[in-house]
Amino acid sequence: MSRILIAEDEKDIRELITITLQFAGFEVISTANGEEALEKAMKESPDLLLLDVRMPRMNGYDVCRHVKSHPKTRHIPVVFLSAKGQESEVNAGIEAGAEAYILKPFSPDQLIQQIRVILKTHGAK
């Protein structure tokens with residue numbers, strides 16, 4: 001079972017994503033800010049990180065850059081979730097090292113499908 005770490009500061013959205021992913025058979029590690037996400041990523045070594053861009057304490061771009069610069073976590077694929085769909089925002093996410101950038105609102109099926117494709121590409125369970 002693949003483990004996915006979610007970092008989302010909005011409680012309702014975090015819970016919705018958690019339930020959606022658990023229903024699809026994933027193990028979920030849930031965090032509410034960037035700093036906590038980075039700590040858990042280092043400790044738990046999840047199979048994928050799902051990061052909101054705008055979060056307290058550390059934004060998603062910074063979390064992604066830290067994860068991608070550390071030998072222990074650089075292999076972990078990162079997916080951004082954001083309501084900000086401007087090309088500059090998407091480019092910033094990709095430049096930080098993300099595999100994908102999913103715009104809110106998104107459908108649960110779209111999210112699960114994209115995660116499965118990325119995990120399969122990276123050889124995760």
**Q** Flag the pair Lys68 / Val78 as yes when at least one side-chain heavy-atom distance between them is below 4.5 Å, and no otherwise.
**A**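 Result yes, sub-4.5 Å side-chain heavy-atom pair found.
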**Q** Can you tell me which residue among Arg74, Lys72, His66 is in a side-chain contact (heavy atoms from CB on, under 4.5 Å) with His70?
**A**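 The passing option is Lys72.
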**Q** With Ile4, which of Ile115, Ile17, Asp47 fulfils side-chain contact (heavy atoms from CB on, under 4.5 Å)?
**A** Ile115
**Q** Distance from Ser82 atom OG to Leu103 atom CG, nearest 0.5 Å?
**A** 7.0 Å
**Q** Could you report the tightest heavy-atom contact between Asp52 and Met55, atom names first, then the distance?
**A**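 Looking at all heavy atoms of both residues, the closest pair is O-CE, 3.3 Å.
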**Q** To the nearest 0.5 angstrom, please state how far the CD atom of Glu95 sits from the CZ atom of Arg65.
**A**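 If I round to the nearest 0.5 Å, the distance is 9.0 Å.
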**Q** Are Leu21 and Leu51 linked, directly or through other ILVMFWY residues, by side chains that come within less than 4.5 angstrom of each other?
**A**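 Result: no, two separate clusters.
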**Q** Rounded to the nearest 0.5 Å, what's the gap from OG on Ser30 to CD on Glu36? Could you check?
**A** 7.5 Å
**Q** Rounded at 0.5 Å granularity, tell me how far CG in Leu50 sits from CD1 in Ile118.
**A** 9.0 Å
**Q** Would you say Leu38 ends up clustered with Leu48 if hydrophobic residues are merged whenever their side chains have heavy atoms under 4.5 Å apart, either directly or through other cluster members?
**A** no
**Q** For Gln113, look at atom CD and say whether over 12 heavy atoms of other residues, nucleotides or ligands are found less than 6.0 Å away.
**A**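 It does not: Gln113 CD has 12 such atoms or fewer within range.
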**Q** Would Glu8 and Arg54 count as a salt bridge (charged side-chain N to carboxylate O under 4.0 Å, His left out) if you check the C-alpha gap in whole Å, the side-chain angles of each, and the deciding distance to 0.1 Å?
**A** CA-CA 9 Å; Glu8 168 63 63; Arg54 306 272 177 247; over 6 Å; no
**Q** Where do Ala37 and Ala7 come nearest, in terms of heavy atoms and distance?
**A** CB-CB, 3.5 Å
**Q** Quick check: closest heavy atoms across Pro77 and Glu99, and the distance to 0.1 Å?
**A**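 Closest pair (atom of Pro77, atom of Glu99, distance): CB-CG, 3.5 Å.
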**Q** About how many Å separate OG1 of Thr20 and CZ of Phe106, when rounded to the nearest 0.5 Å?
**A**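 Going from CZ on Phe106 over to OG1 on Thr20, the span is 7.5 Å.
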**Q** Less than 4.5 Å apart, side chain to side chain, heavy atoms only: is that true for Ile102 and Leu111?
**A** yes
**Q** Out of curiosity, Leu5 CG to Met42 CE, how far, rounded to the nearest 0.5 Å?
**A**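 Spacing of CG (Leu5) from CE (Met42) equals 11.5 Å.
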**Q** At their closest point, which heavy atom of Ile112 faces which heavy atom of Ala24, and how far apart are they?
**A**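 Shortest heavy-atom contact: CD1-CB, 3.6 Å.
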**Q** Under the salt bridge (charged side-chain N to carboxylate O under 4.0 Å, His left out) rule, what do Glu15 and Lys11 come out as? Steps first, then yes or no, please.
**A** CA-CA 6 Å; Glu15 288 176 357; Lys11 186 176 186 277; 2.8 Å; yes
**Q** Can a donor-acceptor pair be found, under 3.5 Å and without considering hydrogens, that links the side chain of Tyr101 to the backbone of Ala92?
**A** no
**Q** Can you check whether Ile6's main-chain N or O pairs, donor with acceptor, with Thr31's side chain at less than 3.5 Å?
**A**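 Flag set: sc Thr31 to bb Ile6 pair under 3.5 Å.
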**Q** Please name the residue in the list Ile29, Thr73, Val67, Val79 that meets the side-chain contact (heavy atoms from CB on, under 4.5 Å) test with Leu49.
**A**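 Result for side-chain contact (heavy atoms from CB on, under 4.5 Å) with Leu49: Val67.
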**Q** Where is the tightest heavy-atom contact between Cys64 and Ala98, given as atom of each residue plus distance?
**A** SG-N, 3.8 Å
**Q** Do Phe26 and Leu119 have side-chain heavy atoms sitting under 4.5 Å apart?
**A** yes
